[in-house]
Amino acid sequence: MTTLSELLAEHTTMDGETADHLQRVVGEWQLLADMSFADFLLWVPLDDLHGAADHTGDGSSRAATAQFLCVAQARPTTAPTAHADDVVGRRAAPVEVGQLRRAVREGRICRDDDPRWHLEVPVRRETIPVRYRGRIVAVLSRDTNLSMPRVPSPLEIAYLGSASDLCQMIVDGTFPPQSGPPGSAEGSPRAGDGLVRLDVHGNVAYASPNALSAYHRMGHASDVAGADLAAVTKALVLDPFDATDVTNRITEALGGTPSSRMEVRGRRATMLVRALPLRPRGDPAGALVLVRDVTDLRRRDAALMSKDATIREIHHRVKNNLQTVAALLRMQARRSEHPQAARALEESVRRVTSIALVHEALAYSVAEVVELDELLPKVLPAIRDGATTESRARVRVDAGFGALPAAKATPLVLVLAELVHNALAHAYDPGVAGEVVVSPQRSASRLEVSIADDGHGMPPEFDFEKSKGLGLQIVRTLLRSELEATISVSDREGGGTVALVRMPLGGS
């Protein structure tokens, strides 16, 4: 799906600040759609409307000929949609253009005289000019599905009244607030979570059933109707600083200053709170306070954090146990009287240590992922100390691996460790300097890793698939059974050998 920013860039010459304001409108308009029981469409003119919002006559002729493109769409969660089809990317039909132009020309909310039919659905449309810094830059259409009659209720009346005030503030250019970043309302409470309408004195004019439930769970036993909401909320919050903060935010909203969401904790519950001023045409009309009970969500978060801590502790203990095993193997290697057995034990120490380092990384990871760009530069260069020749070659690890889940990271680290060790052990003669380079290329679907050395190259009779060496057998097994990866080994241009591992990332 094409995004709002992409459509604006492709079809208009709109500046970045204006585009950011439209992003803020879209970030807030789910609240408007739910309270209006209507779909919202965002229409942008394909011609310049400079000056059309100032009622000075400048730009009126431009508004009269402007064409419009729908660049965003929101459907209500509280009522049937008026647009089952996707309207984004469609130009306004001739029958729609007149009302959109009228909203720009007159700078006010305009309403259809009669409902119109859209795909056999009766729709009533209102057009709402979007003003930014004194100029009308776009038009919202509020489309209500009239196929299901609604019986007015206190909730519906409170919703529609609050939505009308906010829509008028869009026309005034005072909503959404310009201070917040685009999309700043993301994660905030919605109308259906809990809505409280305050009068100009801060007293509760209406509280939705969900809002009442949230306050009851916080510890308020009686109804909040007519009560000073700031005082009621302050009395329920445990932390004195948070209590003062949430009181100030509600009071400031009554004075015209919007707030971001805030989380407050009571004796038995936790609640998100956000306060919005209602000032249509600049006249104080109270405030809108949105609340959401997040008690169960925070309890699940705490349980997950406890589980994550347990998993990290397990990784830490596994790492310690593996290091103990490595130490025992190292002691056994030193006591062995057979050089071949000692070498085999030392190689086992190297492999166990590599696995231990993966678990060490997981012990400090928030998720079950390993940052390979941090781990591999510790593991692979250290392999040179255990190489079976007195090679002076060094190991260089390039960045670009990214993060992998533990199930993929552990076998991949072992594969790379074996291939680097194999290059150090067989590509160079004793005392000869060189460099083994481990270089990744990562895309969305695949990770390719090359292990290239500048040694004397492979012997003519070498066959990777038929090699009986334990290290290469481990590589082949891990690539096929754990990583579903492939490997190719070839001569390196300029001398040496390069092994290329290709590993899919899908489903990892």
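Because the structure is a prediction, the values reported are computed rather than measured. Below, each value reflects all heavy atoms present in this structure, side chains not excepted, and no hydrogens, waters or symmetry copies.
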Exercise. How far apart are the C-alpha atoms of Leu42 and Trp29, what are their side-chain angles, what is the distance that settles it, and do they pass the side chain to side chain contact (heavy atoms under 4.5 Å, CB included) test?
Worked result: CA-CA 10 Å; Leu42 176 60; Trp29 71 351; 3.8 Å; yes
Problem set entry | Any side-chain heavy-atom pair of Ser141 and Phe40 under 4.5 Å | no
Exercise. Between Phe37 and Leu160, is any pair of side-chain heavy atoms under 4.5 Å apart?
Worked result: yes
For this session: Run the salt-bridge test on Arg133 and Glu17 with the 4.0 Å N-O cut-off and return the result as yes or no.
Result: yes
For this session: Quick one: closest heavy-atom pair of Pro277 and Ala253, and the distance?
Result: CB-O, 3.0 Å
For this session: Using the side chain to side chain donor-acceptor pair (under 3.5 Å) rule, pick out the option among Asp39, Asn145, Asp143 that qualifies with His83.
Result: Asp143
Exercise. Looking only at side chains, do Arg142 and Ser36 share a donor and an acceptor under 3.5 Å apart?
Worked result: yes
Problem set entry | Residues Leu272, Val291; criterion side chain to side chain contact (heavy atoms under 4.5 Å, CB included); working and verdict | CA-CA 5 Å; Leu272 285 179; Val291 298; over 6 Å; no
Exercise. Is any side-chain heavy atom of Leu195 closer than 4.5 Å to a side-chain heavy atom of Tyr159?
Worked result: yes
For this session: Compute whether any side-chain donor of one residue and acceptor of the other, for Asn210 and Ser208, lie under 3.5 angstrom apart.
Result: no
For this session: Report yes if some heavy atom in the side chain of Arg75 is under 4.5 Å from a heavy atom in the side chain of Gln73; otherwise report no.
Result: yes
Exercise. Between Leu32, Leu166, Val25, Leu140, which is the residue that forms a side chain to side chain contact (heavy atoms under 4.5 Å, CB included) with Ile128?
Worked result: Leu140
Exercise. Between atom CG of Asp293 and atom OG of Ser213, what is the distance when rounded to the nearest 0.5 Å?
Worked result: 8.5 Å
Seminar exercise, completed: Rounded to the nearest 0.5 angstrom, the CG-CG distance for Leu404 and Leu447 is 6.5 Å
Exercise. Does Asp245 reach the side chain of Met262, with side-chain heavy atoms less than 4.5 Å apart?
Worked result: yes
For this session: Kindly indicate whether the side chain of Arg108, heavy atoms from C-beta on, has any atom under 4.5 Å from the side chain of Pro129.
Result: no
Problem set entry | Beyond-backbone contact of Arg268 with Thr295, side-chain heavy atoms, under 4.5 angstrom | no
Exercise. Hey, are Arg265 and Glu263 close enough for a salt bridge, meaning a charged N less than 4.0 Å from a carboxylate O?
Worked result: no
For this session: Determine the minimum heavy-atom distance between Thr78 and Ala33, stating which atoms define it.
Result: OG1-O, 4.2 Å
Exercise. About how many Å separate CD of Gln441 and CZ of Phe401, when rounded to the nearest 0.5 Å?
Worked result: 10.0 Å
Seminar exercise, completed: On a heavy-atom basis, the closest approach of Arg249 and Ala275 is O-CB, 3.9 Å
For this session: Measure across Asp398 and Pro440 and return the closest heavy-atom pair with its distance rounded to 0.1 Å.
Result: O-CD, 3.6 Å
Problem set entry | For Arg197 against Ala285, the heavy-atom pair lying closest together | NH2-O, 3.1 Å
For this session: Could you walk me through whether Thr486 and Leu479 pass the side chain to side chain contact (heavy atoms under 4.5 Å, CB included) test, one step at a time?
Result: CA-CA 6 Å; Thr486 61; Leu479 287 176; over 6 Å; no
Exercise. What distance do Glu482 atom CD and Glu484 atom CD have between them, rounded to the nearest 0.5 Å?
Worked result: 9.5 Å
For this session: Could you tell me how the ring of Tyr215 sits relative to the ring of His220: parallel (under 30°), tilted (30 to 60°) or perpendicular (over 60°)?
Result: perpendicular
Exercise. In terms of side-chain heavy atoms, does Thr174 have a donor or acceptor partner in Asp172 at a distance below 3.5 Å?
Worked result: no
Problem set entry | Whether over 12 other heavy atoms sit under 6.0 Å from Arg190 CZ | no
Exercise. Would you say Arg274 and Pro258 make side-chain contact, with heavy atoms under 4.5 Å?
Worked result: no
Problem set entry | From Lys378 atom NZ to Leu375 atom CG, the distance as rounded to the nearest 0.5 Å | 7.0 Å
Exercise. What do the steps show when you test Ser259 against Glu252 for side chain to side chain contact (heavy atoms under 4.5 Å, CB included), and what is the final call?
Worked result: CA-CA 8 Å; Ser259 76; Glu252 289 169 359; 6.0 Å; no
Problem set entry | Derivation and outcome, side chain to side chain donor-acceptor pair (under 3.5 Å), residues Asn248 and Thr251 | CA-CA 5 Å; Asn248 291 340; Thr251 304; 5.5 Å; no
Exercise. Which distance, rounded to the nearest 0.5 Å, do you find between the CG of Leu41 and the CD of Glu96?
Worked result: 8.0 Å
